[in-house]
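Below is one structure; the comments refer to it alone.
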There are 2 protein chains.
Amino acid sequence: MSERVVPPADRRRRRPTKQGVVLSEELIVSTALRLIEEHGADALSVRRLGRALGADPSSLYRYFRHADDLMLAIADELIGRTLRLWRPTGDWQEDLRDLGLKMHAGALAHPRAAVLSSCRVTGRAHEIQAVETILGVLRDAGFPDGEAVRIYHAYVDQALAFGALDSAAIALPRAAREAEASVWRATYARLPADTHPHIAGTARHLVADMGRSSYPAALDLLLSAAAARLQEIRARQERPVPDRI
Amino acid sequence: MSERVVPPADRRRRRPTKQGVVLSEELIVSTALRLIEEHGADALSVRRLGRALGADPSSLYRYFRHADDLMLAIADELIGRTLRLWRPTGDWQEDLRDLGLKMHAGALAHPRAAVLSSCRVTGRAHEIQAVETILGVLRDAGFPDGEAVRIYHAYVDQALAFGALDSAAIALPRAAREAEASVWRATYARLPADTHPHIAGTARHLVADMGRSSYPAALDLLLSAAAARLQEIRARQERPVPDRI
DNA sequence: ACCTTACGACAACACCGTTGACCTGTTAAA
DNA sequence: TTTAACAGGTCAACGGTGTTGTCGTAAGGT
């Protein structure tokens, strides 16, 4: 097969497709995103994408080695869009809070894409930039390297994981989503106190809370734990090894 | 087609399959679980399952309306198994840590089921039992109702979200998974210090840390933040009434 | 002994990702 | 200006997937 995908430098990209479209990596990615937004994540297939582009499905293999490559390109595009919106202030906790909420919001804005890109490491430009930025915020705040990486990892994965989780909930068929919401009212809130005392005792809070995303709460918990850890570290640096034989 | 799936009450389940197996909902679910465990997540397809059972694939549609239904049945079975493994000790933080890790491990053992079930509220017996149990742990620890629900929600969603995230990573085709691992070594660890100082400065930690799941770390952060919150609450309760043991 | 019907088997459908072969127009070099 | 190389399009085919309409048959209930 020699090599199907030609490195971008050697591209000449001349002949338009049979329906007159001139393909390019960018056009393919953006069309894929549009397709996902309009018809859901499972509407994205090589064949459908080809049809949407007015090209033969096999043409896409001139640009991506396989469908997975395409997914990574889509994921990276989303990271870039989110990062471009973010404006850091210098307060590490506030900045990470803001970025986390923006990533989460970005995922919710593209529910279908978020679900399939959440678990991938792309190693592409935008992702690298994001890693560098977040690590910088943590190290500048004073976290030692090992701790910074540990917290970075938990922070990013939590944002991705909740993004995917809440996206999946949003992407459910409308009927299913309403059914879920009513389960808390109709089933949980009506359990008798003698068999389920804790549910019955907190029913009011459950109905109010379970309809919303818990990401903001989880994010705050994570950041406050990190802040506590940072204070510990600073204290130890100032008063090195108090009493230890 | 009238209705393909017959309600369990009306089942007669007599004729064995051509290869002599007598099908049942339980047999199908357990065989599916075995198949996942033995040959990986992508080994589970209706056709393969049929082959493993010695039955025609279409026969399975007498028991489940579609493949999703089967996944949910598997997921429900998993909730039950996880709860049955858990042995609370009375130390709320340790108990929630243990349960969280067990839920996460359960999800990883059955990636496809975890992905599908993570965002759904079933309102079924096992789920209700889990809600009641976790809320009980938090209230007994001393969290007021509103706080208990807030933390319960973040805790459960975190377990589900990370379970789904890490499951999705595991469910990737083998080649893609290995590619991901090597990205940290081959791409990130080789970025020059002048353009990416923070990545270069922590490369050693990144390579070591990013290959693992960050759920244990994220769980610990959440629980320690909750513990800090609880101390605050207790302190506030004790101050208005100074002498109180 | 007879209906009824649960349920297994079969064949077919529409889709999927992917590949090898072929062809064609552009482009860089001679 | 001619020409050879080749990027990049199309086509056909392979083996996989979930799902359904149809039919036959054996096991119940009466």
Side-chain angles (χ1 to χ4, degrees), chain A residues 1-28 32 35-36 39-72 74 116, chain B residues 1-28 31-32 35 39-72 112 116 171-176:
Chain A
M1 200 201 6
S2 68
E3 199 39 75
R4 194 143 217 153
V5 175
V6 161
D10 300 347
R11 291 206 171 277
R12 292 195 233 153
R13 180 195 310 115
R14 314 77 25 90
R15 190 178 26 224
T17 192
K18 214 159 200 188
Q19 338 232 331
V21 187
V22 176
L23 294 180
S24 72
E25 197 168 317
E26 297 79 39
L27 179 64
I28 295 174
L35 226 129
I36 289 174
H39 303 98
D42 13 355
L44 186 63
S45 71
V46 177
R47 298 179 113 99
R48 272 220 250 262
L49 183 52
R51 218 179 304 137
L53 283 162
D56 189 272
S58 64
S59 300
L60 305 187
Y61 288 87
R62 302 284 182 197
Y63 295 86
F64 301 95
R65 285 204 309 272
H66 35 246
D68 217 61
D69 258 24
L70 174 60
M71 296 300 175
L72 293 184
I74 294 172
L116 35 104
Chain B
M1 198 197 14
S2 69
E3 199 41 73
R4 193 144 220 155
V5 175
V6 163
D10 300 345
R11 289 205 171 279
R12 291 197 237 152
R13 175 190 317 112
R14 340 25 87 57
R15 191 179 26 233
T17 190
K18 214 161 200 189
Q19 338 232 330
V21 187
V22 176
L23 293 181
S24 72
E25 196 167 316
E26 297 79 36
L27 180 63
I28 295 174
T31 303
L35 212 80
H39 303 95
D42 22 355
L44 188 62
S45 71
V46 177
R47 298 176 112 100
R48 273 220 252 261
L49 183 51
R51 220 178 302 137
L53 283 163
D56 189 271
S58 64
S59 299
L60 304 187
Y61 288 85
R62 301 286 181 195
Y63 297 85
F64 301 95
R65 285 203 309 271
H66 36 246
D68 256 33
D69 258 23
L70 173 60
M71 295 298 174
L72 288 182
R112 306 232 349 221
L116 280 175
L172 288 175
R174 201 166 158 281

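These numbers come from a predicted model, not from an experiment. Every chain is numbered from 1 and lettered A, B, ... according to where its sequence line falls, protein lines coming before strand lines.
B/R48 places its CZ atom 9 Å from the P atom of D/dG16, with the value rounded to the nearest Å. Rounded to a whole Å, the CD1 atom of A/I28 is 12 Å from the C1' atom of D/dG9. Rounded to whole Å, atom C1' of C/dC23 lies 11 Å from atom NZ of A/K18. If you measure from atom CG of A/D56 to atom C1' of C/dT19, you get 12 Å, rounded to the nearest angstrom. To the nearest angstrom, C1' of C/dG17 lies 11 Å from CE of A/M71. The CG-P distance, from B/L49 to D/dG16, rounds to 17 Å in whole Å. We find that CG of B/D10 is positioned 17 Å from P of C/dT4, with the value rounded to whole Å. In this structure, A/L70 places its CG atom 14 Å from P of C/dC16, rounding to the nearest Å.
Two residues are said to be in side-chain contact when any heavy atoms from C-beta on lie closer than 4.5 Å; A/D69 and A/V5 fail this criterion. A/K18 is not listed as a side-chain neighbour of A/D56, based on a closest heavy-atom distance of 4.5 Å or more. Looking at A/Y61 and A/V46, their side chains come closer than 4.5 Å, going by heavy atoms from C-beta outward. With contacts defined as side-chain heavy-atom distances shorter than 4.5 Å, the pair A/E25/A/I28 does not qualify. Side-chain contact between A/L49 and A/L60 is present, with heavy atoms from C-beta onward closer than 4.5 Å.
The phosphate of D/dG16 (OP1 or OP2) has no side-chain N or O of B/R47 nearer than 4.0 angstrom. One finds no side-chain N or O of B/T17 lying less than 4.0 angstrom from the OP1 or OP2 phosphate oxygen of C/dG8.
Open room surrounds CZ on A/R65; 12 or fewer heavy atoms of other groups in view lie less than 6.0 Å from it. Within a 6.0 Å radius of NE2 in B/H66, other residues, nucleotides and ligands contribute more than 12 heavy atoms.
Of all non-hydrogen atoms in B/A55 and B/L23, the two that sit nearest each other are CB-CD1, 4.1 Å.
Residues from residues 57-67 of chain A placing a heavy atom under 4.0 Å of any atom in DNA chain D, listed by number, are A/S58, A/S59, A/R62, A/Y63.
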* Structure fact -> Given protein heavy atoms under 4.0 Å, the one-letter contact record of nucleotides 25-30 of chain D, with B base, S sugar-phosphate only and - none, is simply BBBS--
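The CG atom of A/D42 lies 8.0 Å from the CZ atom of A/R48; values are rounded to the nearest 0.5 Å.
A donor-acceptor contact under 3.5 Å links the side chain of A/R4 to the base of C/dG20.
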